[in-house]
Amino acid sequence: MSTYGGISQYERTVLLLNPSLGDRLVVSSTDQLITAYEPPEEDKEQAVTWALSEGLEHNKGHRLTLTHPKAVKQVVWHGKGDYLSSIMPDNSSNLQVLIHQVSKRRTQNPSARTRAWCSASPSTAAAPTSSWPRSATCGVYNLIQQELTKS
């Protein structure tokens, strides 16, 4: 096991799996969502590294690996399945909540403008938003507009 700054590589890694269990239509559409990705013309630097699994890993159900800069303590999926958020609670930085869009392999950092401590990120299926409690308030982040809409 490799380490990075005292944190094991596994604590910083989120695996997206599709083990081919359950409804064949869901399994197929999940793989379609992942394989339909086309890289943007202009590559932007992101807080995480996205890696597509191939060969034996792919045959075992691994699809994507997201490597984070710090230990991930919680992962929450949006009800529609294209977004997930990862929580890395740490008072020393503003890199605490990352929101990932699987279809575009894009990562957003809604906590970039705040140093408030984040502890969780429940996501709602009814609207394209993610909310997370902070030290004194709760932030609501609009995933489409990519901005903090309520605090």
Side-chain angles (χ1 to χ4, degrees), residues 1-90 92-114 117-133 139-148:
M1 169 171 37
S2 64
T3 60
Y4 177 81
I7 298 171
S8 84
Q9 176 70 28
Y10 296 109
E11 291 175 338
R12 300 183 314 119
T13 303
V14 173
L15 293 175
L16 301 186
L17 307 172
N18 191 10
S20 300
L21 300 172
D23 187 304
R24 279 191 270 173
L25 183 59
V26 173
V27 169
S28 173
S29 59
T30 299
D31 276 344
Q32 247 181 341
L33 176 79
I34 293 169
T35 58
Y37 168 75
E38 291 189 29
E41 289 180 19
E42 192 175 313
D43 221 6
K44 289 177 121 180
E45 188 175 326
Q46 297 192 66
V48 302
T49 303
W50 292 75
L52 184 65
S53 299
E54 298 175 333
L56 185 58
E57 283 185 341
H58 187 272
N59 294 341
K60 290 180 178 179
H62 295 197
R63 295 300 182 256
L64 289 169
T65 302
L66 284 76
T67 305
H68 294 69
K70 299 188 302 183
V72 175
K73 300 297 181 192
Q74 181 185 16
V75 174
V76 179
W77 279 96
H78 186 272
K80 304 250 185 223
D82 192 20
Y83 290 94
L84 67 134
S85 60
S86 51
I87 312 302
M88 301 167 290
D90 178 1
S92 66
S93 97
N94 63 1
L95 187 62
Q96 297 183 50
V97 176
L98 294 178
I99 298 176
H100 314 284
Q101 185 176 13
V102 176
S103 63
K104 295 186 178 181
R105 295 190 198 161
R106 180 178 62 186
T107 299
Q108 304 170 41
N109 181 4
S111 59
R113 292 182 182 88
T114 179
W117 184 76
C118 299
S119 62
S121 178
S123 191
T124 169
T129 61
S130 180
S131 60
W132 66 94
V140 177
Y141 188 77
N142 186 305
L143 299 173
I144 294 172
Q145 296 173 352
Q146 300 181 19
E147 64 184 17
L148 186 66

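Quick caveat: nothing in here was measured; it's all calculated off a predicted structure.
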Assess the residue pair Val72 and Leu98 against the criterion (side-chain contact (heavy atoms from CB on, under 4.5 Å)); give the C-alpha distance rounded to whole Å, side-chain angles, the decisive distance to 0.1 Å, and a yes or no.
CA-CA 10 Å; Val72 175; Leu98 294 178; over 6 Å; no
Any chance you could lay out the side-chain contact (heavy atoms from CB on, under 4.5 Å) test for Leu64 and Leu52, step after step, and finish with the verdict?
CA-CA 5 Å; Leu64 289 169; Leu52 184 65; 3.8 Å; yes
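When all heavy atoms are compared, the tightest approach of Met88 to Pro69 is SD-CD, 4.4 Å. When all heavy atoms are compared, the tightest approach of Tyr83 to Trp77 is O-CE3, 3.3 Å.
Sorted by first and then second residue, the salt bridge (charged side-chain N to carboxylate O under 4.0 Å, His left out) pairs involving residues 25-48 (not counting sequence neighbours) are Asp31-Arg63.
Rounded to the nearest 0.5 angstrom, Glu11 CD and Lys73 NZ are separated by 5.5 Å. Taking OG from Ser28 and CG from Leu33, the interatomic distance works out to 11.0 Å, rounded to the nearest 0.5 Å. Note that CD of Gln74 and OG of Ser85 are 7.0 Å apart. Values are rounded to the nearest 0.5 Å. Expressed to the nearest 0.5 Å, how far OG of Ser53 lies from CG of Asn18 amounts to 11.5 Å. Rounding to the nearest 0.5 Å places CZ of Arg106 at 10.5 Å from OH of Tyr37. Atom OG of Ser86 is separated from atom NZ of Lys70 by 10.5 Å, given to the nearest 0.5 angstrom.
Taking the side chain to side chain contact (heavy atoms under 4.5 Å, CB included) definition, one finds that Leu15 meets it with Thr13, Leu17, His62, Thr65, sequence neighbours left out.
Not a single donor-acceptor pair under 3.5 Å links the side chain of Arg12 to the backbone N or O of Thr67. A donor-acceptor pair under 3.5 Å links the side-chain atoms of Arg105 to the main chain of Ile34, judged by distance alone.
Asn109 places none of its side-chain heavy atoms less than 4.5 Å from the side chain of Gln46. The shortest distance between side-chain heavy atoms of Val48 and Val14 does not fall below 4.5 Å.
Of the N and O atoms on the side chains of Thr107 and His100, at least one donor lies less than 3.5 Å from an acceptor on the other residue.
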